[in-house]
Undergrad: 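My questions all concern the structure below.
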Protein chains: 2
Amino acid sequence: MADINVTAKGSGVAGATERPASGGAAADGPRTEPAWDIIELLFFAYRDFVGDPDEVLSKLGFGRAHHRVLHFVNRNPGMKVADLLDILNITKQSLGRVLKQMVDQGYVLQKEGAQDRRQRLLYVTPKGEALALKLAGMQTARITRAIAELGPAAHESARRFLTAMIDADDREAVLRLIARADRAAQPRS
Amino acid sequence: MADINVTAKGSGVAGATERPASGGAAADGPRTEPAWDIIELLFFAYRDFVGDPDEVLSKLGFGRAHHRVLHFVNRNPGMKVADLLDILNITKQSLGRVLKQMVDQGYVLQKEGAQDRRQRLLYVTPKGEALALKLAGMQTARITRAIAELGPAAHESARRFLTAMIDADDREAVLRLIARADRAAQPRS
DNA sequence: CAAAATATGTCAACATGGCTGACATAAATG
DNA sequence: CATTTATGTCAGCCATGTTGACATATTTTG
């Protein structure tokens, strides 16, 4: 995707690759030297990570927003609209637009809650599940390839790194979400 | 950021957490079982990773697009507009809008190329550098905190994982970009 | 040199997916 | 019964992506 080939006029002076923390006092500015490598790698890795699904989705007239909805509904069948809003962190109006399209086109369906009939519990249809799995498959292929290159320990270390990058407050909830979804989803065959 | 607390009606049946690769034949569908954990952790980690800068930027009337421009110009002073377009992978019209604002507001400046006078080489102003470093500082704080939790080896393993997640074609170019920028940028004090 | 290619900018129109504010409805809850 | 809750919806705004067409200056090439 695109040739990256910058011709910046580097002051060829080189040398100071190791610049271990500035000598400044304690204030609110940046304390340590920026972790440019991780910052940029994360940018490019994420760009490619979502790039594969994006292509497929755009052929269906969908965008990344649809992907997120489909993903989480597939992973958490029967979830409430409010739950989805919390996860995606968008307004109900934004969600509504996207959700309506996916319902209309038969990827997602809504069932009235049994206990609380105000709720519209969300489920993917078989068609929706197929798409969700296709997209997840593309991302998994990338992940699997990466881990294969690095050795099996890479999975665990990636998992831990990514977890540690999440806001401490949310971390627990995210892990619970993942664990619960693992249990709940796909009562297959 | 938001309470995540899904009340999906999991078929409490649990058990099959280890579902090692589907038994299907060889087709074009998803081969291995989706790596749900990494997929979702990456989603949440990236969300928080860009969240801190987003807050600061929005107070300045800027968005994520401005951040990307500022970041790469700061890291690659003197880069050509075309280079930036290649990295960001957007159209010149999209870039133009954002770039114009940053130039007008004194974060970025453009100089005519010395050899090729058609080029408008991009530089951050001191004001631009300050903002770039502030944003990078926030992201670095998160990264540093994460790595501190995991031990020093985490930096290298994160770097390798993220690199492996990048499209193989681009990987070399990205690494070169990072390495060159490390050399070129900030001829400080 | 004249013609073509290149680097950049710009105008206009459009799509997506965020946002706010206001309001509607149905159901649960005190 | 009054209130709160869960959800939906209308209307409009903003940011940031897109395409297509075209302009301008400069370099490169036949």
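Letters A, B, ... are given to chains in the order of the sequence lines, protein chains preceding strands, and every chain is numbered from 1. What you see below is based on every heavy atom in this structure, not just the backbone, and it leaves out hydrogens, waters and symmetry mates. Quick caveat: nothing in here was measured; it's all calculated off a predicted structure.
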Undergrad: State whether His66(A) places a side-chain N or O below 4.0 Å from either non-bridging phosphate oxygen (OP1 or OP2) of dT16(C).
TA: no
Undergrad: Can you tell me the distance, in whole Å, between the NZ atom of Lys92(A) and the C1' atom of dC19(C)?
TA: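 About 13 Å, once rounded to whole Å.
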Undergrad: I'd like to know if Arg68(A) reaches the base of dG17(C) with its side chain, counting only an N/O donor and acceptor under 3.5 Å.
TA: no
Undergrad: Strictly by modelled atom types, are His155(B) and Asp37(A) linked by a side-chain donor-acceptor pair under 3.5 Å?
TA: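 Asp37(A) and His155(B) do have a side-chain donor-acceptor pair below 3.5 Å.
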Undergrad: Is Gln93(A) side chain donor-acceptor paired with the dG21(C) base, going by distance under 3.5 Å alone?
TA: yes
Undergrad: Which whole-number value in Å describes the distance from Leu95(A) CG to dT20(C) P?
TA: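 Leu95(A) atom CG is separated from dT20(C) atom P by 14 Å.
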Undergrad: Contact class for Gly96(A) (heavy atom, under 4.0 Å): base, sugar-phosphate, or nothing?
TA: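 Since no nucleic acid heavy atom lies under 4.0 Å of Gly96(A), the category is nothing.
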Undergrad: Is any side-chain heavy atom of Ile87(B) closer than 4.5 Å to one of Met79(B)?
TA: yes
Undergrad: Give a yes or no on whether the ring-centroid distance for Phe43(A) and Tyr46(B) is below 6.0 angstrom.
TA: no
Undergrad: Could you run through nucleotides 24-30 of chain D and give me one letter per nucleotide, 5' to 3': B if any protein heavy atom sits under 4.0 Å from the base, S if only the sugar-phosphate is that close, - if neither?
TA: -BBS---
Undergrad: Please report the shortest heavy-atom distance between Arg47(B) and Asp86(A), naming the atom on each side.
TA: NH2-O, 4.2 Å
Undergrad: For the pair made of CZ in Arg47(A) and P in dG17(D), what is the distance, rounded to whole Å?
TA: 12 Å
Undergrad: Which pairs pass ring-ring contact (aromatic ring centres under 6.0 Å, His included) with one or both residues in residues 84-107 of chain A, sequence neighbours excluded?
TA: Phe62(A)-Tyr107(A)
Undergrad: Take Ser94(A) and Val81(B), find for each the nucleotide of DNA chain C with the closest heavy atom, and name the residue whose nucleotide sits nearer the 5' end.
TA: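 It is Val81(B), whose closest nucleotide lies nearer the 5' terminus.
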Undergrad: Output the rounded distance in Å from CG (Leu85(B)) to P (dT6(C)).
TA: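 Taking atom P of dT6(C) as the reference, CG of Leu85(B) is at 16 Å.
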Undergrad: Phosphate oxygens OP1/OP2 of dG18(C): is one of them under 4.0 Å from a side-chain N or O of Thr91(A)?
TA: no
Undergrad: Could you grab the distance from atom CG of Leu131(B) to atom CG of Leu57(B), nearest 0.5 Å is fine?
TA: 6.0 Å
Undergrad: Do Pro77(A) and Val124(A) come close enough that some side-chain heavy atom pair is under 4.5 Å?
TA: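 When only atoms from C-beta onward are counted, Val124(A) and Pro77(A) do not touch, as no gap falls below 4.5 Å.
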Undergrad: From the options dG17(D), dT7(D), dG9(C), select the nucleotide whose nearest atom is closest to the side chain of Gln110(B).
TA: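 The listed nucleotide nearest to Gln110(B)'s side chain is dG9(C).
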Undergrad: Rounded to the nearest Å, what distance is computed from the CZ atom of residue Arg64(B) to the P atom of nucleotide dC19(C)?
TA: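 Computing the Arg64(B):CZ to dC19(C):P distance gives 11 Å.
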Undergrad: Could you state the atom-to-atom distance from NZ of Lys59(A) to C1' of dA15(C) in whole Å?
TA: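 Roughly 19 Å, once rounded to whole Å.
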Undergrad: Rounding to a whole Å, what distance do you find between Lys100(A):NZ and dC10(D):C1'?
TA: 13 Å
Undergrad: To the nearest angstrom, how far is His67(A) atom NE2 from dT16(C) atom P?
TA: 18 Å
